[in-house]
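Note sheet for the following structure.
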Amino acid sequence: YIVTNAYTGGELYDYVSDNLGEIEPRRAFQLGLDMLRGLEACHMAGFAHLDVKPENFMFKTGGIGAPLVLVDFGSSEPFVKKTYAETSDDYDPDKDDEITDLERLTGTAMYMSPEVALATKFSSRSDVWSVGVTLFIMLTGDLPYETTKDTKDPVFETLDTENAAIKKMLHPRARDLLNNMMHLDSGQRSSATE
């Protein structure tokens, strides 16, 4: 037998799809904060989730304002700590959370960061990208980029959070946050803690 907690509030995916285009910004950012808190705990424990999407967050209860819980760790990977620094002056903490040389593509295409899609470098910031995409969907009702018709793979070069319709919808601070979370260069993205 496996005994686990019972979360009765349903998936974030159902909440988003049932309320698409009608989620209040304050509620969307509360949910985003819950998502980042769960990921921060993962990252501090030494691994990246690598399959962040609305289907992998559940509400603890069905009550209004119930917190989110991160689930499904089947794609998660531990960080590879690099022992490259000869001295403390050579140490670069930004390179500590890199995951490299994964032999499999992991995650869900629509929420996958560019570096994961290209299988080049994975990090905790790959999870932050996925939260940014989810927040963008909650706030605008749409993806921040186009996808291929047949496989729904992201077309990253179409990433656009600055077009006129988006500018009307989003407060400038929200746009700045989303741009930071979905920066194409993972080194320019904030961590979950930041």
Partners meeting salt bridge (charged side-chain N to carboxylate O under 4.0 Å, His left out) with Glu194 (sequence neighbours left out): Arg125
Among all residues two or more places apart in sequence or in another chain, which pass the side chain to side chain donor-acceptor pair (under 3.5 Å) test with Thr8? none
Asp34 vs Arg37, salt bridge (charged side-chain N to carboxylate O under 4.0 Å, His left out): CA-CA, chis, key distance, verdict: CA-CA 5 Å; Asp34 278 353; Arg37 284 184 180 133; 3.7 Å; yes
Hey, are the side chains of His49 and Ser75 touching, using non-hydrogen atoms and a 4.5 Å cut-off? no
Val128, Phe73: one ILVMFWY side-chain cluster at the under-4.5 Å cut-off? yes
For Asn180 and Ser190: C-alpha separation, side-chain torsions, deciding distance, then whether side chain to side chain contact (heavy atoms under 4.5 Å, CB included) applies. CA-CA 6 Å; Asn180 188 290; Ser190 290; 2.6 Å; yes
Only distances under 3.5 Å count here; give the side-chain donor-acceptor pairs of residues 129-140 to other protein atoms, sequence neighbours excluded, each with its distance to 0.1 Å.
from: Trp129; atom 1: NE1; to: Met112; atom 2: O; distance (Å): 3.3
from: Ser130; atom 1: OG; to: Tyr111; atom 2: O; distance (Å): 2.7
from: Ser130; atom 1: OG; to: Ser126; atom 2: O; distance (Å): 3.4
from: Thr134; atom 1: OG1; to: Ser130; atom 2: O; distance (Å): 3.0
from: Thr140; atom 1: OG1; to: Phe136; atom 2: O; distance (Å): 2.8
from: Thr140; atom 1: OG1; to: Asp142; atom 2: N; distance (Å): 3.2
from: Thr140; atom 1: OG1; to: Asp142; atom 2: O; distance (Å): 3.2

Could you pull out all residues at least two apart from His43 that satisfy side chain to side chain donor-acceptor pair (under 3.5 Å)? Asp127
Mark yes or no for whether Asn179, through its side chain, and Arg175, through its backbone, hold a donor-acceptor pair below 3.5 Å. yes
Hydrophobic cluster of Val3, others only, ordered by chain and residue number, side-chain cut-off 4.5 Å: none
Determine all donor-acceptor pairs shorter than 3.5 Å in which one atom belongs to a side chain in residues 14-33; sequence neighbours excluded.
from: Ser17; atom 1: OG; to: Tyr13; atom 2: O; distance (Å): 3.1
from: Ser17; atom 1: OG; to: Asp14; atom 2: O; distance (Å): 3.2
from: Asn19; atom 1: ND2; to: Tyr15; atom 2: O; distance (Å): 2.8

Can you name the residues that form a side chain to side chain donor-acceptor pair (under 3.5 Å) with Glu40, not counting sequence neighbours? Thr193
Tyr7: what forms a ring pair (Phe, Tyr, Trp, His ring centres under 6.0 Å) with it, not counting sequence neighbours? none
Side-chain donor-acceptor pairs of residues 53-72 under 3.5 Å, sequence neighbours excluded:
from: Lys53; atom 1: NZ; to: Thr108; atom 2: OG1; distance (Å): 2.8
from: Asn56; atom 1: ND2; to: Asp51; atom 2: O; distance (Å): 2.7
from: Asn56; atom 1: ND2; to: Asp51; atom 2: OD2; distance (Å): 3.4
from: Thr61; atom 1: OG1; to: Gly63; atom 2: N; distance (Å): 3.2
from: Asp72; atom 1: OD1; to: Gly74; atom 2: N; distance (Å): 3.2

With the side chain counted from C-beta on, respond yes when Leu184 and Pro114 share a heavy-atom pair under 4.5 Å apart, and no when they do not. yes
For the atom pair OG (Ser191) and CE (Met44), what is the distance rounded to the nearest 0.5 Å? 10.0 Å
